[in-house]
Amino acid sequence: MSSSVPPSSVPPSSVPPSSCDCFVSLPPASLASVVLFGKNSDRPRDEVQEIVFRPAGSHPPGSKLKCTYIEVEQVAETLAVLLSRPAWLWGAEMGANEKGVCIGNEAVWTKEPVTEGEALLGMDLVRLALERAPSAQQAVQVITDLLGRYGQGGSCREDPEPLIYHNTFLLCDRSEAYVLETAGPYWAAERIVEGARNLSNQLSISVCPWREHPQLRSHALQQGWWDGQGDFNFSAVYSLEKQPVRMEAAKLRYGAGQELLRMQAGHITVKSMLNILRDKKSGICMDSGGFRTTASMVSVLPRSPDVPCIHLLTATPDPSRSVYKPFIFGPHVTQVPWVLSPSFGEHDPTQQIPRFQTQVDRRHDLYRQHQGALEACKANKEAEETLRKKQLKLEDENLHWVDTILDPSDSADPVGGSDMFLICVEKELELYKGIGEKQCTHTEV
């Protein structure tokens, strides 16, 4: 049986909690007739995120599915998915499916205590919803159903010292978005049909949720968190009265994110979202306390079903020093090997009991080359600037392709039916080739 951990000890002071930021913009906040999704995944600084593509699949009746820690019932049909995930686990920090659904999760601590027993991670719930839900609204249903059946729990980092948290989620598709916030088995959801919204590691749904757990209010009454009088404010009732220190910092990021969205309301574009996710001053692009932004993602979901959704991913840490590369679901898409981490099978420390007693090298090729190039240029400011200019030149070429695809008056395929993400990864690898093996010298762009 799972044992409860008192909220006052979660997270322990020796384990700084992870932090993330999610954003969504719908018309009229978006300049064009698109929904824009963005997320920075802030994780332990040496953790590697890989980019995983899984095609749609059919599964026999009675099939079981092994997630990070536990098995769940498999469904008959699963959708094709694109995942940005910590390489040691099954789920995903963020991702999209072939139907244009995007989801990102965030860590949260509430008055409802976390438990030490292994269950579904929030990241498992992200992937399960992407595989099973053709719309954002159905994804909310998938997550709440699984939460009720299997619960959430288990360590969320690859380390003998556990890091356990509950989750909030930002979900969107071509037409609308949802915020789903949880406290143990309890939850509340908010529907968003216009404007912009962000999340930063705290409960943010206040009064009049779109939907809620049937016992959400009665449980709060039983615990003495709410007196039953007046409006029920979910975030006020379920939030910890004394937040962990790092979560207090999340309030500042949340406010900064709101302000960045407000300043650009009506004019938010792909580049706007990239700039928000690269913002160092606000802490949205972060590197502190042993944590940093280990991967980033932006998705463009056109309202018109005739225009494909486009997903841009870094696959490398620190978006301010990375290149966003576009991915489009299609018949020619395959797994790009250079952003896939090595597999260790039964010898993986995640599969050993007790878990996480040893470390393995999970770096994929793009991660190695990216980090090697940055390290080689580290002591040379001119070389750093030259490398960044070359990265941005590559990214500008990628964004030109995105603009071409989104332009309804331009029917040209900029890559002739090829795998766009594969091409962009290969171009980036070519840029870094050799830089990490010798001292980086200045070259004109």
Side-chain angles (χ1 to χ4, degrees), residues 10-12 14-23 38-52 68-69 83-95 103-109 114 120-127 152 154-170 199-202 244-247 249-250 253 277-280 282-298 313-322 324 339-341 348-350 355-356 359-364 366-368 370-371 374:
V10 179
S14 60
V15 184
S18 61
S19 53
C20 296
D21 295 277
C22 289
F23 299 86
K39 180 183 175 182
N40 273 357
S41 174
D42 302 337
R43 301 279 303 167
R45 65 170 294 108
D46 293 327
E47 184 179 81
V48 177
Q49 282 203 34
E50 59 182 351
I51 306 301
V52 176
T68 301
Y69 296 125
L83 311 170
S84 183
R85 72 175 189 187
W88 63 271
L89 53 77
W90 180 84
E93 272 280 296
M94 50 205 173
I103 309 177
N105 79 305
E106 307 223 356
V108 69
W109 286 268
V114 300
L120 289 173
L121 297 179
M123 292 170 280
D124 293 337
L125 291 166
V126 169
R127 178 171 176 176
Q152 58 180 322
S155 182
C156 299
R157 74 173 193 170
E158 189 180 14
D159 193 276
E161 182 75 26
L163 172 62
I164 308 170
Y165 50 75
H166 295 155
N167 293 269
T168 64
F169 304 87
L170 183 61
L199 290 180
S200 295
N201 302 109
Q202 58 192 310
V245 173
R246 197 178 185 90
M247 294 304 96
R253 295 200 329 276
L277 296 176
R278 285 171 164 155
D279 194 277
K280 292 277 193 180
S282 64
I284 290 169
C285 181
M286 64 93 66
D287 189 348
S288 67
F291 281 68
R292 67 173 168 176
T293 300
T294 56
S296 187
M297 173 178 171
V298 169
L313 307 101
T314 62
T316 54
D318 190 349
S320 72
R321 299 197 292 174
S322 290
Y324 286 88
V339 291
L340 193 65
S341 295
D348 195 301
T350 63
R355 303 188 196 275
F356 312 128
Q359 294 287 323
V360 291
D361 186 353
R362 301 191 188 276
R363 294 175 297 170
H364 51 70
L366 182 61
Y367 184 101
R368 286 176 181 272
H370 174 265
Q371 294 293 283
L374 293 181

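In this chain, numbering begins with 1 at the start of the sequence shown.
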Backbone N/O of [Y] and side chain of [X]: donor-acceptor pair under 3.5 Å:
| X | Y | answer |
| --- | --- | --- |
| Ser322 | Pro317 | yes |
| Glu50 | Ser341 | yes |
| Arg321 | His370 | no |
| Thr316 | Gln371 | no |
| His166 | Gly122 | no |
| Arg157 | Arg43 | no |
| Tyr69 | Ser155 | yes |
| Asp21 | Asn40 | no |
| Arg127 | Ala92 | no |
| Glu106 | Asn201 | yes |

Side chain to side chain contact (heavy atoms under 4.5 Å, CB included) assessment of Arg253 paired with Gln202: CA-CA 11 Å; Arg253 295 200 329 276; Gln202 58 192 310; over 6 Å; no
Heavy atoms only: give me the nearest [X]-[Y] pair and the separation to one decimal.
| X | Y | answer |
| --- | --- | --- |
| Ala250 | Ser200 | CB-O, 3.2 Å |
| Met94 | Ser41 | CE-CB, 3.9 Å |
| Ala315 | Val339 | CB-CG1, 3.9 Å |
| Pro349 | Glu158 | CG-OE2, 4.1 Å |
| Val126 | Gly104 | CG2-C, 4.5 Å |

Quick one about Asp42 and Thr293 (side-chain donor to acceptor, distance below 3.5 Å, no hydrogens or angles considered), yes or no? yes
Side-chain H-bond candidate by donor/acceptor type, Ser296 with Thr314, under 3.5 Å: no
Should [X] and [Y] count as side-chain neighbours, where that means a heavy-atom distance under 4.5 Å?
| X | Y | value |
| --- | --- | --- |
| Glu161 | Leu163 | no |
| Ser84 | Ile51 | yes |
| Leu340 | His364 | no |
| Phe356 | Thr350 | yes |

Verdict with supporting geometry, Glu47 and Trp88, side chain to side chain contact (heavy atoms under 4.5 Å, CB included): CA-CA 9 Å; Glu47 184 179 81; Trp88 63 271; 2.9 Å; yes
Just to verify, which of Asn105, Asn167, Thr68 counts as forming a side-chain hydrogen bond (donor to acceptor under 3.5 Å, both in side chains) with Asp124? Thr68
I need the [X] [atom1] to [Y] [atom2] distance, nearest 0.5 Å.
| X | Y | atom1 | atom2 | value |
| --- | --- | --- | --- | --- |
| Phe23 | Leu277 | CZ | CG | 6.0 Å |
| Ile284 | Cys22 | CD1 | SG | 11.0 Å |
| Ser320 | Met286 | OG | CE | 13.0 Å |

Could you walk me through whether Glu93 and Lys39 satisfy the side chain to side chain contact (heavy atoms under 4.5 Å, CB included) test, starting with their C-alpha distance in whole Å, then the side-chain angles of each, then the deciding distance to 0.1 Å, before giving a yes or no? CA-CA 9 Å; Glu93 272 280 296; Lys39 180 183 175 182; 3.0 Å; yes
Passes salt bridge (Lys or Arg N to Asp or Glu O under 4.0 Å), Lys280 versus Asp318? Steps please. CA-CA 10 Å; Lys280 292 277 193 180; Asp318 190 349; 3.2 Å; yes
Under 30°, 30 to 60°, or over 60°: which ring-plane class applies to Tyr165 and Trp109, parallel, tilted or perpendicular? perpendicular
Evaluate the criterion side chain to side chain contact (heavy atoms under 4.5 Å, CB included) for residue pair Phe169 and Leu199; output intermediate values, then yes/no. CA-CA 8 Å; Phe169 304 87; Leu199 290 180; 6.0 Å; no
